[in-house]
Amino acid sequence: MPIEMPKGLPFSVDTFSPSSKRKRHHFLTHAHKDHTSGISSHFSYPIYSTHLTKSLVLLHYPQLDDSLFVGIEVGESIVLNDPNGEFQVTAFDSNHCPGAVMFLFEGSFGNILHTGDCRLTPECLQNLPEKYTGRKGKEPQCCFDYVFLDCTFGRFSQNIPSKHSAIRQVINCIWKHPNAPVVYLTCDLLGQEEILTSVSKTFGSKIYVDKANDPDYFQSLSIIAPEVVSEDPTSRFRVFDGFPKLSERATIMLAEAQANFQHEPLIIRPSAMWYVCEEERLETVNRRKIRFNEAIKDQFGIWHVCYSMHSSREELEWALKLLAPKRVVSTTPSCRAMELDYVRRHCFDSYINSDDSLWKLLDIDMEPCPQVNSPIKTVACSPMVEVSTLTCVESELQPINVSSCKKRLLIMDPPSKRPPVTLFGRARLSLHDPNFPPEEKCISTRDNPLYVVNEMKQVVIIQNTNEDSENRLQNELMAEGSALQCKKLVTTETFEERLENKLDAVQTVMQSEEMRWDTYHEYRYESKQADETTMQCENLTRKEINKCSYSIGYPKGYSENFRKLYRSMNAPVPKPLPSLVELRNAIKRSKRI
């Protein structure tokens, strides 16, 4: 499913949700149903798309009006006026399906490339402006600020064959089965029309599409390639619905042909999804690698060809190296952008300048914060902004509500002066909360007066929730005064003096605190017992291993005490190692054979 564009952008791409309706401009990359979800209730603002995409959408959503769409064809650029400043949009072929494009946005928000669904190839990228593409290992003159990238097969490490190569495999598979009375092609998805066109031209026959059972695809194919469509059910080549239960239906068809002593029909499924799902099973069960240069027959009698309309991981890595964008955002939940090698190496810079386009995308107004004791200035907004903008690429571009908080400028030291960056919270920005005491002052021991006073302060507040507001305020002020007094004692007085002052400060609430300390000591006692039990188990394990070491490879295996030990820990009993004598004899037997 497509993702919502950041709040600071005036346009949406492939989303028609209630939040995206607040955008002033809407773009549609192609006509697949997962990208047009919610468009039937969209009756405001124009939708920019290609003419073919508009025609396919109106077939499936006849309630939409033709005037709702504004045409933008491949290679065409338009300039849109917007209250935040005009910006230019250019459409480029995305090599996905008929009418599919990717959009290049250029404006005050930066340079953004949204690929939609795509299969990035050299022919596809060479149509982009030369300033955005690198040549012969050199970085481009102008880098994209953001690339919203289709990472559908970003986790698939195998080399996916090109579309042309996959089509040749389909045709070769048909040639190898001349006796097949019927050839079923599971090509009922928008984007597989090129396969049907090539098969029709190669064998000189039209392809039957069942208008009654699949009216949507019949109408779509009649618009895209009307010359190959046939309504004759006796045609040898037929479009076969790939879902649902393709394997069960194929098994029944093949069984009926065998029962009637007829030649089996040929069922071909051109799709990369089967290869992605079955890669691990094929390598473990069949003890061989997947073949991508020819069709593969599965256990149900279906022939599979790796035909993909999405880029493989290798193609994505190559494209990112060529474009060298500053940040990458995945538009597909199946693979996050940070899983790509290029993103991990080049897009995880936590140093963000005040003039970075990220702030505009997040719609954060930048204003200096007042000077405080610490020279470091913080982002005085929700924690989502502080963490999300610096930890991962995707989350930094998610819509964030910052209306109820102040926006301040983040000023950081140069990377050479910054301490090592951690992963979580304020430590990632090296921003220490002055109200939070240092680590050595927060040790959870009863001898720490600051810890006791802070804990008792919470108890006092909780116990007085049912009292009137005047009493609550008085108790809170008393507790705060005690805490401030003990803070000073921690820094200026000796340990003995701190203990005496502590007893004076907490004398009035010590009774209510006893229950808390009893619970604490019970927890410490239980933890100590658990630690002693763990040490006993470890010692017993060592003794049993030493005791049973002679039985490794022995037919009777481990002793009963050793097995009971593992069962008491809810752990499986390990299998004994094979005997060295048996292994040596087995090697001798294999050599003799």
Side-chain angles (χ1 to χ4, degrees), residues 1-3 5 11-15 26-37 39 47-57 69-78 88-106 111-130 132-133 144 146-154 156 160-164 166-167 189-195 220 223-224 271-272 307-320 322-323 325 328-332 334-335 337 340:
M1 293 295 293
I3 64 171
M5 299 302 289
F11 56 85
S12 67
V13 181
D14 294 344
T15 55
H26 303 269
F27 294 84
L28 180 61
T29 59
H30 62 287
H32 277 158
K33 291 184 178 180
D34 58 331
H35 289 252
T36 58
S37 177
I39 197 174
I47 301 175
Y48 296 88
S49 68
T50 61
H51 177 75
L52 180 56
T53 298
K54 179 193 74 172
S55 301
L56 296 174
V57 170
F69 292 85
V70 177
I72 176 173
E73 301 302 326
V74 174
E76 182 180 355
S77 298
I78 58 175
Q88 179 176 295
V89 185
T90 308
F92 299 94
D93 181 27
S94 63
N95 191 30
H96 179 63
C97 69
V101 294
M102 49 187 178
F103 292 108
L104 170 60
F105 302 92
E106 299 172 294
N111 305 318
I112 299 176
L113 177 65
H114 196 295
T115 65
D117 284 354
C118 65
R119 178 78 189 271
L120 299 179
T121 60
E123 295 77 16
C124 182
L125 293 182
Q126 70 181 2
N127 296 324
L128 294 174
E130 293 185 0
Y132 292 117
T133 57
F144 288 114
Y146 294 91
V147 171
F148 290 81
L149 186 63
D150 171 23
C151 300
T152 300
F153 292 150
F156 189 56
I160 298 178
S162 63
K163 287 184 176 181
H164 178 73
I167 293 174
L189 180 64
L190 179 65
Q192 296 177 323
E193 297 79 11
E194 191 175 353
I195 301 174
S220 300
I223 294 177
I224 299 172
S271 174
Y307 180 86
S308 176
M309 296 182 290
H310 300 272
S311 300
S312 64
R313 183 186 184 93
E314 182 183 18
E315 292 171 339
L316 292 176
E317 296 286 1
W318 168 82
L320 291 177
L322 186 67
L323 300 177
V328 181
V329 181
S330 173
T331 60
T332 52
S334 59
C335 176
L340 301 177

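Only heavy atoms go into these numbers, but all of them, side chains included; no hydrogens, no water, no symmetry mates. As the structure is a prediction and not an experimental result, all values here were calculated from the model.
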Item to complete: Would you sort out whether Val101 and Phe92 count as a side chain to side chain contact (heavy atoms under 4.5 Å, CB included), showing the intermediate values?
Response: CA-CA 5 Å; Val101 294; Phe92 299 94; over 6 Å; no
From [X] [atom1] over to [Y] [atom2], what is the distance, rounded to the nearest 0.5 angstrom?
X	Y	atom1	atom2	answer
Gln192	Ile167	CD	CD1	10.0 Å
Thr152	Arg313	OG1	CZ	14.0 Å
Leu52	Glu73	CG	CD	8.5 Å
Ile160	Ser308	CD1	OG	4.0 Å
Leu189	Lys33	CG	NZ	10.0 Å
Thr133	Leu323	OG1	CG	7.5 Å

Worksheet item: Is the number of heavy atoms from other residues, nucleotides or ligands within 6.0 Å of CD (Glu130) greater than 12?
Response: no
Please give me the minimum heavy-atom distance between [X] and [Y], naming the atom from each residue.
X	Y	value
Leu190	Ile224	CD1-CD1, 3.3 Å
Pro2	Thr15	CB-CG2, 3.9 Å
Cys151	Cys335	O-CB, 3.2 Å
His96	Met309	ND1-O, 2.9 Å
Asp93	Cys124	O-SG, 3.0 Å
Leu28	Ser49	O-CB, 3.6 Å

Worksheet item: If we ignore angles and hydrogens, is there a donor and acceptor under 3.5 Å between the side chains of Asp150 and Thr115?
Response: no
Worksheet item: Would you say the side-chain atoms of His26 and Ser12 include a donor-acceptor pair closer than 3.5 Å?
Response: yes
Practice prompt. Evaluate side chain to side chain contact (heavy atoms under 4.5 Å, CB included) for His35 paired with His30, printing each intermediate quantity in order.
Written response: CA-CA 7 Å; His35 289 252; His30 62 287; 3.4 Å; yes
How about [X] and [Y]: do any of their side-chain heavy atoms sit closer than 4.5 Å?
X	Y	value
Asn127	Val74	no
Lys163	Ile195	no
Val89	Leu104	no
Met5	Phe27	no
Leu149	Leu316	yes

Practice prompt. Let me see the working for Thr29 and Met102 under side chain to side chain contact (heavy atoms under 4.5 Å, CB included), right down to the final yes or no.
Written response: CA-CA 6 Å; Thr29 59; Met102 49 187 178; over 6 Å; no
Do [X] side-chain atoms and [Y] backbone N/O form a donor-acceptor pair below 3.5 Å?
X	Y	result
Thr50	Thr53	yes
His114	Gly116	yes
Ser94	Asp117	yes
Ser311	Leu120	yes
Ser330	Thr332	yes

Practice prompt. Applying ring-ring contact (aromatic ring centres under 6.0 Å, His included), run through Phe11 and Phe103 and close with a yes or a no.
Written response: CA-CA 11 Å; Phe11 56 85; Phe103 292 108; 9.1 Å; no
Practice prompt. Would you check if the distance from the ring center of Tyr48 to the ring center of Phe69 is below 6.0 Å?
Written response: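 Ring centres of Phe69 and Tyr48 not closer than 6.0 Å.
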Item to complete: Verify the ring-centre separation between Phe153 and His310: is it less than 6.0 angstrom?
Response: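 They qualify: ring centres under 6.0 Å apart.
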Practice prompt. Applying side chain to side chain contact (heavy atoms under 4.5 Å, CB included), run through Phe148 and Leu113 and close with a yes or a no.
Written response: CA-CA 6 Å; Phe148 290 81; Leu113 177 65; over 6 Å; no
Item to complete: If the plane angle is over 60° it's perpendicular, under 30° parallel, otherwise tilted; pick one for Phe144 and Tyr132.
Response: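 The arrangement is parallel - the two ring planes meet at less than 30°.
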Fill in: Ion pair Arg119/Glu315, N-O distance below 4.0 Å
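Looking at Glu315 together with Arg119, the answer is yes, because their closest N to O distance falls below 4.0 Å.
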